[in-house]
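Here's the structure, in structure tokens; my notes come after.
FYI, side chains are in, hydrogens and waters are out, and symmetry mates aren't considered; it's all heavy atoms of this structure.
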Amino acid sequence: MKYRLILTYIVIILLAVTVVRMYMITAMSSALYNDNKVNMMTKINIIATDIADVPPSAIEKTMDEDIIMLSIGNNSRIIVTNTDAVVIYDNAENIYVDSSGKVRLSPMIMSGLCGESTYNKVESEDVITTAASVPIMKNGEVSGVVYIESSANEIGAILSATERRINYLTVLLCAIAILLSFIFAGLFTAPIEKLIKKIKGQKDSRKMKIEAKGSGEIGELIESFNELIEELESQEEKRTAFVSNASHELKTPLSSIKLICDSVIAAGDSAPPEMVAEFLQDMNEEVDRLTNIVNDLLDLTRMDAAKYNENKKFVTGNLKDIVRGVAGSLTKIAMQKGVRLSLNCNSDIFMIMEKNKIWEAFYNITDNAIKYTPYGGKVEMFLEKDLYNAIFTVSDTGIGISKDEISKIFDRFYRVDKARSRETGGTGLGLSIALSAVEMHGGHIDVESEEGTGSVFRIYLPLA
Ligand code: ADP
């Protein structure tokens with residue numbers, strides 16, 4: 001990343017410097033030539049005005065005066081023609097070059113004869129020449145042309161010296177910019193490199209947390225990373241607690257079974273048949289308990305896996321049928337416990353769901369309400385819906401749950417009163433299973449409870 005960043009910086013800097021360099025050279029060249037043009041045109045116009053009214057015999061004298069007055073140097077050639085393009089004045093010192101008396105039909109003289117003023121720059125291999133021509137006007141008519149041709153090598157020299165200086169400056173700027181891009185890229189990528197170094201080969205998530213603070217997106221990245229690590233740590237803690245609880249829960253019935261077996265073996269053939277029968281009965285209960293725990297654990301594991309599985313096997317079902325089914329299968333248990341179970345669900349509520357899981361969630365909540373409600377109490381089931389959710393409510397007049405415990409009852413294997421729960425055949429997994437099933441459907445569970453008065457559990461299932 002660091003080198004990609006440096007490369008990007010360098011490409012941008014080189015592009016910017018090249019554009020600025022080109023712009024500066026072009027601007028400088030056009031300023032110099034513009035200046036040259038203004039200068040030449042001013043002088044040539046003065047000459048054209050001066051000689052307009054002068055008779056041909058006095059032209060040479062006027063020209064000599066003008067050349068001195070206008071400080072026109074030896075490197076300039078001045079030609080004056082009449083209307084027939086015949087040269088009537090030429091300042092060429094070399095007799096072979098002097099074109100006096102000859103017709104000169106160059107394009108610039110021709111345009112002068114047509115009444116146009118022109119300026120031109122001619123560049124050959126190492127000579128730059130600028131030329132200008134203007135018509136000589138007399139009584140509103142063209143009476144001849146003045147043409148000046150000058151060497152512009154000076155401008156060329158200024159331009160190439162400036163270009164050389166700009167080139168040195170460009171190289172220097174590029175070097176500084178490249179150096180700075182190394183420094184800045186290093187500064188930007190340092191927190192990320194730190195992050196990678198911390199993660200690489202690190203097995204202990206607690207040591208992965210980054211102390212460094214960053215700004216902007218890097219700061220956010222560090223913050224999110226630390227949050228992720230915290231989440232992983234809490235998941236890991238929960239997993240360890242779950243494994244240790246599960247082992248403990250499985251060990252308890254196994255120890256009882258082992259104890260019963262040891263007792264039967266110790267008693268040997270002399271054991272009275274009633275005692276053996278009683279032991280077998282106890283053993284059977286412990287095996288049932290083990291089976292319950294294992295089934296609940298399998299259920300939870302399947303739901304944990306389903307959370308991340310996109311292809312859930314959901315079908316359309318009527319929640320009313322499920323609630324009625326649950327009530328039907330718990331009526332006998334409620335009656336045996338002397339608890340009045342009532343049901344309020346009149347309208348059909350269709351939803352896409354995994355029916356078994358919803359059934360299990362509704363069953364566990366209602367079963368708990370009956371389990372934790374003493375003789376003579378009341379458990380009411382409601383099924384209704386609002387705009388967004390189907391709501392299944394179970395309220396009881398049972399023992400209730402204290403404020404401190406409410407947040408823990410959904411934890412796996414958590415039981416408020418271990419002895420009581422064991423008595424009622426609870427595994428401490430009923431609510432965890434219900435919550436997993438509801439969350440699998442995008443829903444949630446609310447609990448209101450008061451110790452000694454009763455509890456209300458509400459399951460919300462989104463309809464869409
Ligand atoms: P269990 O198998 O012990 O019932 P759950 O996960 O179903 O396990 O419930 C966890 C704990 O929450 C229970 O041990 C019980 O203390 C408490 N609890 C659940 N439902 C109720 C209720 N309706 N009234 C009072 N306490 C409840």
Side-chain angles (χ1 to χ4, degrees), residues 24-163:
M24 277 169 77
I25 291 170
T26 319
M28 178 107 186
S29 150
S30 83
L32 284 173
Y33 282 110
N34 255 343
D35 200 40
N36 178 271
K37 182 182 174 182
V38 170
N39 197 11
M40 266 183 125
M41 291 313 271
T42 313
K43 285 177 179 173
I44 202 171
N45 273 312
I46 292 173
I47 293 171
T49 317
D50 281 356
I51 58 172
D53 300 318
V54 170
S57 56
I59 280 183
E60 183 126 14
K61 189 174 165 268
T62 314
M63 285 303 295
D64 287 346
E65 281 168 10
D66 276 0
I67 284 171
I68 293 166
M69 182 187 75
L70 298 170
S71 323
I72 297 172
N74 286 344
N75 58 350
S76 298
R77 172 126 181 238
I78 309 174
I79 291 168
V80 180
T81 72
N82 62 15
T83 41
D84 300 325
V86 175
V87 176
I88 52 173
Y89 173 82
D90 187 346
N91 75 334
E93 277 171 5
N94 188 332
I95 191 154
Y96 300 107
V97 179
D98 189 350
S99 56
S100 301
K102 293 176 190 156
V103 174
R104 197 175 166 107
L105 287 174
S106 75
M108 286 187 78
I109 301 238
M110 295 314 288
S111 46
L113 288 175
C114 293
E116 278 170 32
S117 300
T118 45
Y119 173 85
N120 258 338
K121 185 182 99 184
V122 183
E123 241 174 292
S124 67
E125 227 164 72
D126 46 17
V127 186
I128 309 168
T129 315
T130 49
S133 69
V134 294
I136 303 166
M137 301 300 288
K138 193 173 178 184
N139 304 326
E141 301 248 320
V142 177
S143 67
V145 173
V146 184
Y147 168 85
I148 299 187
E149 189 181 280
S150 239
S151 153
N153 280 348
E154 246 173 60
I155 296 179
I158 295 173
L159 276 177
S160 45
T162 316
E163 200 174 329

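- The CD atom of Glu149 sits 9.0 Å away from the OG atom of Ser106 when rounded to the nearest 0.5 Å.
- Two residues are said to be in side-chain contact when any heavy atoms from C-beta on lie closer than 4.5 Å; Asn153 and Asn75 fail this criterion.
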Under 3.5 Å, sequence neighbours excluded: what are the donor-acceptor pairs made by side chains of residues 31-42?
residue: Asn36; atom: OD1; partner: Tyr119; partner atom: OH; Å: 2.6
residue: Asn36; atom: OD1; partner: Thr130; partner atom: OG1; Å: 3.3
residue: Thr42; atom: OG1; partner: Val38; partner atom: O; Å: 2.5

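- For the pair Val134 and Ala48, the tightest heavy-atom approach, listed with the atom from each and the gap, is CG2-CB, 3.7 Å.
- The CE atom of Met63 sits 7.0 Å away from the CG atom of Asn91 when rounded to the nearest 0.5 Å.
- At distances below 3.5 Å, not a single donor-acceptor pair connects side-chain atoms of Asn82 with backbone N or O atoms of Gly144.
- Of the inter-residue distances, the one linking Leu70 atom CG with Lys43 atom NZ reads 6.5 Å to the nearest 0.5 angstrom.
- One distance of note links CD1 of Ile59 with CG of Asp64; it measures 12.0 Å at 0.5 Å rounding.
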*Applying side-chain contact (heavy atoms from CB on, under 4.5 Å), run through Asp66 and Ile78 and close with a yes or a no.*
CA-CA 11 Å; Asp66 276 0; Ile78 309 174; over 6 Å; no
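- Distance CE/Met108 to CD1/Ile79: 11.0 Å, rounded to 0.5 Å.
- How far CD1 of Ile136 is from CD1 of Ile51: 3.5 Å, rounded to the nearest 0.5 Å.
- Minimum interatomic distance between Ala85 and Ile109 (heavy atoms only, all atoms of both residues): CB-CG2, 4.4 Å.
- At least one donor-acceptor pair under 3.5 Å links the side chain of Thr49 to the backbone N or O of Asn45.
- Across Ala58 and Thr62, no two heavy atoms sit closer than the pair O-OG1, 2.8 Å.
- Shown here for Val145 and Ser133, the closest heavy-atom pair between the two residues is CG1-CB, 4.2 Å.
- Residue-environment remark: CD (Glu154) stays at or below the threshold of 12 foreign heavy atoms within 6.0 Å.
- When side chains are defined from C-beta on, Arg77 does not count as touching Ile148, because their heavy atoms never get closer than 4.5 Å.
- Residues Ser111 and Thr118 meet the side-chain proximity criterion, which asks for heavy atoms closer than 4.5 Å.
- Using a 4.5 Å heavy-atom cutoff, the side chains of Val103 and Asp84 are not in contact.
- Here the side chains of Val86 and Thr81 are not in contact, with every heavy-atom distance at 4.5 Å or above.
- In this structure, Pro135 and Ser117 have side chains that are in contact, with non-hydrogen atoms separated by less than 4.5 Å.
- Side chains of Asp90 and Lys102 form no contact here, defined as non-hydrogen atoms less than 4.5 Å apart.
- Annotation: side chain of Ile25 is not in contact with side chain of Thr162 (no heavy-atom distance under 4.5 Å).
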